[in-house]
Amino acid sequence: MPVPELDFDLTETECAVKETVRRFATEVLRPAGEKLDKLSAEEVIARNSIFWDVHKQYVDLGLNEAGEGLTPLEQARISWIVSEMIGWGDSGLAIAFGAGGFPSNIAMMTGRSDLIEKFPADEIGCWAITEPDHGSDMIDFNDNIVHPGGNRGTPNTIARADGNEYVISGQKSAWVSNGTIAKSAALFCALEEADGSKGGGVFLVPLEDVAGVIKAKPTDKIGQRSLNQGEIFFDNVRIPADYKVAGTDEYRDFTNFTLTNANGGMSTCFAGVARAAFELAFDYAKERKQGGVPIIQHQSVKARLFTMYRKVEAARSHSRRVVLHNTLNETPSLPAAISAKIFSTQTAFEVASDALQIFGGAGISREYPIEKIFRDARISMIEDGCNEILSLVGFDGLVAA
Ligand SMILES: Cc1cc2nc3c(=O)[nH]c(=O)nc-3n(C[C@H](O)[C@H](O)[C@H](O)COP(=O)(O)OP(=O)(O)OC[C@H]3O[C@@H](n4cnc5c(N)ncnc54)[C@H](O)[C@@H]3O)c2cc1C
């Protein structure tokens with residue numbers, strides 16, 4: 001840590017969790033993320049890949065249960081400590097773990113023991129919402145940004161009621177995190193009920209050993225390469241009707257709530273990424289000599305580093321404040337979560353870009369870690385909604401509040 005931490009009021013439990021996660025992020029996630037980054041998308045998820053061992057170690061840490069018995073305030077604080085530190089270690093793995101918990105989190109929300117048992121927290125799941133023809137469209141669930149006279153066309157995935165089952169057909173986009181390895185999905189898609197009514201629905205869908213589920217090849221991409229992504233196809237997949245957890249009447253509220261949580265998580269995670277980039281640049285500037293002294297002694301480098309530090313601390317503060325607010329309030333704020341997501345991901349990208357500049361030529365070399373963080377940060381501005389679309393959705397949420 002090149003500069004003092006501003007957290008002076010952590011409790012004993014919070015300090016213990018922070019130290020455990022710091023060690024895991026430093027000793028396991030950072031080196032694993034760097035190794036996985038150099039592999040092909042297929043190799044990342046191959047049977048002998050370190051990905052599986054790292055995931056097991058993450059599950060074994062029991063972080064999902066770290067908040068049990070704590071007050072909501074303590075839970076919120078633990079959640080940002082963990083998310084920021086895991087993002088600091090490797091953002092691709094952080095998203096794999098975060099997205100992996102979607103089906104089990106939703107099962108927990110229902111309070112139904114059969115679903116909680118069927119969709120356990122230690123299995124890798126996914127959030128399947130975006131579609132090949134509907135990326136931003138699916139994030140704009142209130143139809144705020146439909147162009148006048150625009151026509152969104154037909155959905156790519158539909159669940160149709162059929163007796164006491166739903167039959168799912170279609171496909172989700174190549175960007176679904178954990179898409180080709182997930183054992184289950186929290187599926188957000190179009191819905192046709194038995195009475196002919198149409199809308200949106202949320203389903204918990206098993207993806208393993210289920211007739212009609214086909215997974216594509218993993219997506220190759222520039223950043224967060226440790227994160228598996230890929231299409232899922234549904235060829236008349238049948239699920240019990242009670243795996244529907246939200247119908248048309250609840251769809252918007254449910255999606256709002258889910259996006260609020262997801263954007264909140266992204267904000268703390270990418271505040272951690274920004275901090276990682278700043279620290280690497282700070283340390284490198286102390287070592288690298290030009291003009292006869294370590295470059296950290298040159299005024300322009302000092303000023304650049306201080307600007308980076310200022311942005312990192314602002315992202316950390318904003319994301320924490322929003323996560324606290326949204327955990328403690330009965331009506332979490334989507335605009336606040338979006339604001340924090342955009343601010344942290346933009347900060348991570350800008351700070352990583354400045355850090356790369358401080359590394360000079362070494363910054364573009366794969367020998368050094370900064371170019372990876374730069375690539376990882378870049379795609380976060382599209383992840384969980386393009387930042388510009390989220391701004392429009394967030395603004396409309398503010399006006400409506
Ligand atoms: C790393 C990563 C992880 C992801 N994980 C998941 C996941 O777990 N599950 C999942 O379902 N999806 C996931 N996604 C998909 C992500 O949510 C979409 O990529 C995102 O919402 C944008 O959709 P799109 O890629 O189809 O771009 P498009 O919607 O095609 O947008 C293309 C461009 O057009 C602009 N644009 C689009 N619509 C409008 C409009 N109405 N007005 C003005 N401009 C517009 C956009 O801003 C963008 O610049 C992930 C994406 C990434 C990059």
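Note: hydrogens, waters and symmetry copies are ignored here, and every other heavy atom, side chains too, is used. One-based numbering, in listed order, for ligands and for the atoms of each.
For the pair K172 and E231, the salt-bridge criterion is not met [side-chain N within less than 4.0 Å of a carboxylate O]. Of the charged side-chain nitrogens involved, at least one lies within less than 4.0 Å of a carboxylate oxygen, so that D220 and R225 count as a salt-bridged pair. Taking the charged nitrogens against the carboxylate oxygens, R288 and D283 have no contact shorter than 4.0 Å, which rules out a salt bridge.
Ring geometry for F203 versus Y166: interplanar angle over 60°, hence perpendicular rather than tilted (30 to 60°). Note: F359 and Y368 have perpendicular aromatic rings, judged against thresholds of 30 and 60 degrees for the angle between ring planes. Taking the six-membered ring where tryptophan is involved, the planes of Y309 and F278 are tilted, since the angle between them lies from 30° to 60°.
At under 3.5 Å, not a single nitrogen or oxygen of E131, backbone or side chain, sits near a nitrogen or oxygen of ligand 1. Among the atoms of I129, some N or O lies under 3.5 angstrom from an N or O of ligand 1.
Side-chain N/O atoms of E350 and T347 include no donor and acceptor closer than 3.5 Å. Side chains of N228 and S177: a donor-acceptor N/O pair is absent below 3.5 angstrom, by distance only. A donor-acceptor pair shorter than 3.5 Å cannot be found between the side chains of T331 and N329. W175 and E383 form no side-chain donor-acceptor contact under 3.5 Å, judged by distance and modelled atom types alone.
Within ligand 1, the atoms closer than 4.0 Å to a non-hydrogen atom of I379 are 1 (C), 53 (C), numbered from 1 in the order shown. Listed by atom number, the atoms of ligand 1 under 4.0 Å from W127 heavy atoms are 7 (C), 8 (O), 9 (N), 10 (C), 11 (O). Ligand-side atoms of ligand 1 in range of C386: 22 (C), 46 (C), 47 (O), 48 (C), range being under 4.0 angstrom from any heavy atom. Per-residue contacts place S177 under 4.0 angstrom from the following atoms of ligand 1 (heavy atoms of the residue considered): 3 (C), 4 (C), 5 (N), 6 (C), 7 (C), 8 (O). For ligand 1 and I139, the ligand atoms under 4.0 Å from any heavy atom of the residue are 21 (O).
For atom 3 (C) of ligand 1, the choice among Q229, H147, K221 with the nearest heavy atom turns out to be Q229. Considering only non-hydrogen atoms, atom 47 (O) of ligand 1 lies nearest to E388 out of K172, M138, E388. Around atom 28 (P) of ligand 1, the closest heavy atom drawn from G135, S136, G223 belongs to S136.
Protein heavy atoms come within 4.0 Å of atom 49 (O) of ligand 1. The protein does not reach atom 32 (C) of ligand 1 closely, with no heavy atom under 4.0 angstrom from it. For atom 20 (C) of ligand 1, the nearest protein heavy atom lies under 4.0 Å away.
Cation-pi geometry between R252 and F141 is not met at under 6.0 angstrom from the ring centre and within 45 degrees of the axis.
When each of D7, D9, I78 is checked for a side chain to side chain contact (heavy atoms under 4.5 Å, CB included) with E14, only I78 meets the rule.
Nearest non-hydrogen protein atom to atom 39 (C) of ligand 1 is I389 CD1, 3.3 Å. When hydrogens are left out, the protein atom nearest atom 16 (C) of ligand 1 is I382 O, 3.9 Å; that is the closest non-hydrogen contact. Considering only non-hydrogen protein atoms, atom 51 (C) of ligand 1 sits nearest to W175 CB, 3.7 Å.
Heavy atoms from both the backbone and the side chain of T130 come within less than 4.0 Å of ligand 1. Looking at I145 against ligand 1, both its backbone and its side chain come within 4.0 Å, counting heavy atoms.
The closest approach between any non-hydrogen atom of G385 and ligand 1 is below 4.0 Å.
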